[in-house]
Asker: 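Before I ask anything, let me first share the structure, which is written out below as structure tokens.
Reminder, nothing fancy here: chain letters follow the sequence lines and each chain counts from 1.
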Protein chains: 2
Amino acid sequence: MNVQLNSITCKKTAIFDSTLCLIKEHGFHGTPMSMIAKNANVAAGTIYHYFESKDALIKALYIYVKDGLADAIPSDDNLLSYKELFIQYWVDQCAYFIAHENALYFLEQYNTSPYRISNPEIESKVFLTRIVPFFQKGIDSGQIRKMDYQLLMPVIHGSIVATAKYHLLGHYDFTKERLQETALIIWDGIKMQQSTITTHPII
Amino acid sequence: MNVQLNSITCKKTAIFDSTLCLIKEHGFHGTPMSMIAKNANVAAGTIYHYFESKDALIKALYIYVKDGLADAIPSDDNLLSYKELFIQYWVDQCAYFIAHENALYFLEQYNTSPYRISNPEIESKVFLTRIVPFFQKGIDSGQIRKMDYQLLMPVIHGSIVATAKYHLLGHYDFTKERLQETALIIWDGIKMQQSTITTHPII
DNA sequence: TGCAACCGAATGAACGTTCAGTTAAACAGC
DNA sequence: GCTGTTTAACTGAACGTTCATTCGGTTGCA
């Protein structure tokens with residue numbers, strides 16, 4: 001019956017959200033399962049109904065967050081230029097992080113933790129099927145500098161995260177327009193430069 | 001006596017290095033004090049002779065690593081242009097991370113952990129007295145885009161870290177020359193653009 | 001004789017995980 | 001419509017382990 005089905009989803013997402021919220025303040029190992037349970041209004045044992053272990057919970061949470069992030073990206077409607085799509089991508093990602101502070105801090109911690117290093121195979125499907133190809137296309141079609149994708153991504157992602165954190169720390173209040181202007185600066189940095197006398201080396 | 005004095009330093013740095021090495025693979029809370037002690041060929045109690053607690057050890061380690069990083073930067077000899085100084089800074093930092101993989105991964109984890117957030121006052125003196133002013137000078141003198149320092153730093157730092165990781169993961173073998181070429185790309189991205197028709201907004 | 005460096009077994013608290021038991025939805029048989 | 005049965009969701013006290021920290025004792029230099 002749907003009442004029960006809803007309650008299943010409800011408890012599971014409550015666990016996710018509770019974990020997300022606590023990890024931001026206490027880190028992975030600083031947040032006990034008991035605390036997650038209490039914060040989610042759930043018994044400790046219930047978590048183990050949905051997740052095999054704490055590790056499994058963290059891994060599932062990563063996919064949950066990454067999927068939410070990728071869903072925030074609008075689908076390509078073919079009306080925009082590549083540059084405009086990039087600006088849109090950048091602004092949307094940044095706005096998502098500003099609106100979902102916990103997700104930002106969780107992802108930052110996950111990406112630099114041994115979890116990531118020892119589970120490189122875990123990745124959001126939406127991320128792999130939409131975001132990776134988008135940037136590869138930009139490089140292949142000569143709109144973005146011929147950097148390797150794996151060097152380009154961290155630089156772009158870094159600028160998004162830095163801007164979102166800057167806003168969240170209260171240093172500056174970014175409006176949508178300001179975000180677009182910032183995205184333009186980044187675009188200027190990564191776009192294929194036609195004015196440069198000597199072409200830069202292909203990495 | 002200096003033998004003993006040496007052994008003091010020796011044990012203390014052995015603890016630092018052991019912690020650095022283990023944290024890379026297991027994370028902060030994944031490395032017990034007993035493991036740190038064993039790896040450093042030291043008794044568990046000895047760690048508490050030098051550090052009040054595990055937390056204090058991590059904080060001291062942060063300063064230790066950050067000082068080592070800042071020391072890798074050559075002093076300004078006034079013979080180089082600002083651009084050349086930037087390139088040198090970028091390359092030296094990147095080369096340091098490549099040579100000190102453990103330091104890279106530790107700093108990444110520390111910066112994204114609650115340690116950083118709850119102890120923002122802890123910072124290397126060398127970092128504050130040399131690196132911060134260097135970039136402020138670049139912005140003030142109009143050589144770097146008029147971004148806020150706190151937005152500029154993460155972007156530059158992000159590119160350095162991304163490149164070092166790229167090398168360490170075996171994707172590409174960076175020579176000193178290749179690093180300089182990559183630094184040039186970054187410089188092109190952050191330098192004050194004279195060709196742009198409309199000046200970009202000051203953030 | 002004093003003192004700092006050092007040791008490592010012992011301690012006690014914290015934590016991940018388990019499990020015996022409870023609740024309530026779903027459904028079959030009548 | 002009622003009753004009995006099954007099953008998934010859920011509970012929280014209890015367990016066993018791990019770990020940070022302590023402390024009484026040892027070493028060796030001054």
Side-chain angles (χ1 to χ4, degrees), chain A residues 1-62 106 109-110 113-115 118-119, chain B residues 1-62 106 109-110 113-115 118-119:
Chain A
M1 213 242 264
N2 35 10
V3 171
Q4 181 148 33
L5 279 171
N6 283 341
S7 93
I8 291 171
T9 338
C10 180
K11 296 253 171 184
K12 197 171 177 182
T13 58
I15 292 165
F16 274 146
D17 293 336
S18 164
T19 311
L20 215 45
C21 163
L22 291 168
I23 277 181
K24 188 207 149 188
E25 271 186 272
H26 307 106
F28 290 136
H29 301 270
T31 64
M33 293 296 260
S34 55
M35 204 190 280
I36 293 172
K38 201 174 180 180
N39 195 248
N41 283 318
V42 147
T46 307
I47 301 178
Y48 289 87
H49 181 72
Y50 293 105
F51 308 99
E52 212 175 62
S53 64
K54 195 180 179 182
D55 255 46
L57 166 60
I58 301 292
K59 289 179 193 171
L61 184 56
Y62 175 71
F106 169 76
Q109 278 189 59
Y110 185 91
S113 74
Y115 279 103
S118 56
N119 304 99
Chain B
M1 212 243 266
N2 37 9
V3 170
Q4 180 150 31
L5 279 170
N6 282 341
S7 92
I8 291 171
T9 340
C10 180
K11 297 252 171 185
K12 197 172 178 182
T13 59
I15 292 166
F16 274 147
D17 293 338
S18 163
T19 312
L20 214 47
C21 164
L22 291 168
I23 277 181
K24 189 208 149 187
E25 270 186 272
H26 305 107
F28 290 138
H29 301 269
T31 63
M33 293 297 259
S34 55
M35 205 190 279
I36 293 172
K38 201 174 181 181
N39 196 247
N41 284 317
V42 146
T46 306
I47 300 178
Y48 289 87
H49 180 72
Y50 293 106
F51 308 99
E52 210 175 65
S53 65
K54 196 180 180 182
D55 255 45
L57 167 60
I58 301 293
K59 288 178 193 171
L61 185 55
Y62 175 71
F106 168 76
Q109 278 188 58
Y110 184 91
S113 74
Y115 279 103
S118 55
N119 304 99

Asker: Take atom NZ of Lys54(A) and atom P of dT17(C), then tell me their distance rounded to the nearest Å.
Answerer: 8 Å
Asker: Can you tell me the distance, in whole Å, between the CZ atom of Phe51(A) and the P atom of dA9(D)?
Answerer: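 These atoms are roughly 13 Å apart.
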Asker: Enumerate the side chain to side chain donor-acceptor pair (under 3.5 Å) contacts for residues 26-48 of chain A, please, sequence neighbours excluded, ordered by first and then second residue.
Answerer: Ser18(A)-Asn39(A)
Asker: Could you work out, with salt bridge (charged side-chain N to carboxylate O under 4.0 Å, His left out) as the rule, every residue matching Lys24(A), not counting sequence neighbours?
Answerer: Glu101(A)
Asker: Round to a whole Å and report the spacing from OH of Tyr50(B) to C1' of dA20(D).
Answerer: 19 Å
Asker: Per the salt bridge (Lys or Arg N to Asp or Glu O under 4.0 Å) rule, what does the pair list look like for residues 46-60 of chain B, sequence neighbours excluded?
Answerer: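 Qualifying pairs: none.
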Asker: Output yes when at least one side-chain N/O atom of Thr46(A) is less than 4.0 Å from OP1 or OP2 of dT11(D), else no.
Answerer: yes
Asker: Can you sort out which residues in residues 23-31 of chain A have a heavy atom within less than 4.0 Å of DNA chain C? Ascending by number, please.
Answerer: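 Residues of residues 23-31 of chain A that come under 4.0 Å of DNA chain C are, in numerical order, Thr31(A).
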Asker: Taking all non-hydrogen atoms of both residues, which atom of Pro114(A) and which atom of Glu25(B) are closest, and how far apart?
Answerer: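 Of all heavy-atom pairs spanning Pro114(A) and Glu25(B), the closest is CB-O, 3.4 Å.
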Asker: Could you check how far NE2 of His49(A) sits from C1' of dT7(D), rounded to whole Å?
Answerer: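 My rounded result for the distance is 11 Å.
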Asker: Give each protein N/O atom lying under 3.5 Å from an N/O atom of nucleotides 18-20 of chain C, with the pair distance.
Answerer:
none

Asker: Just the rounded figure in Å: distance from C1' of dA5(C) to CD1 of Ile47(B).
Answerer: 14 Å
Asker: Describe, in one word, how the ring planes of Phe106(B) and Phe28(B) are oriented to each other, choosing from parallel (under 30°), tilted (30 to 60°) and perpendicular (over 60°).
Answerer: perpendicular
Asker: What distance do Lys12(B) atom NZ and Leu57(B) atom CG have between them, rounded to the nearest 0.5 Å?
Answerer: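 It is 10.0 Å, given to the nearest 0.5 Å.
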Asker: Tell me which nucleotide among dT17(C), dC7(C), dG12(D) gets nearest to the side chain of Val42(B).
Answerer: dC7(C)
Asker: Rounding to a whole Å, what distance do you find between Lys11(A):NZ and dA25(C):P?
Answerer: 13 Å
Asker: Please list, chain by chain and in numerical order, all residues satisfying side chain to side chain contact (heavy atoms under 4.5 Å, CB included) with Ala60(B), sequence neighbours excluded.
Answerer: Phe16(B), Phe51(B)
Asker: What is the distance, to the nearest angstrom, from the CG atom on Leu22(A) to the P atom on dG16(C)?
Answerer: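 So the CG-P distance, Leu22(A) to dG16(C), works out to 12 Å.
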Asker: Of all the heavy-atom pairs spanning Gln109(B) and Ile23(B), show the shortest one and how long it is.
Answerer: NE2-O, 3.2 Å
Asker: Once you round it to whole Å, what is the distance between C1' of dG12(D) and CD1 of Ile36(A)?
Answerer: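 Taking CD1 of Ile36(A) and C1' of dG12(D), I get 16 Å after rounding.
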Asker: To the nearest 0.5 angstrom, please state how far the OH atom of Tyr115(A) sits from the CD1 atom of Ile58(A).
Answerer: 4.5 Å
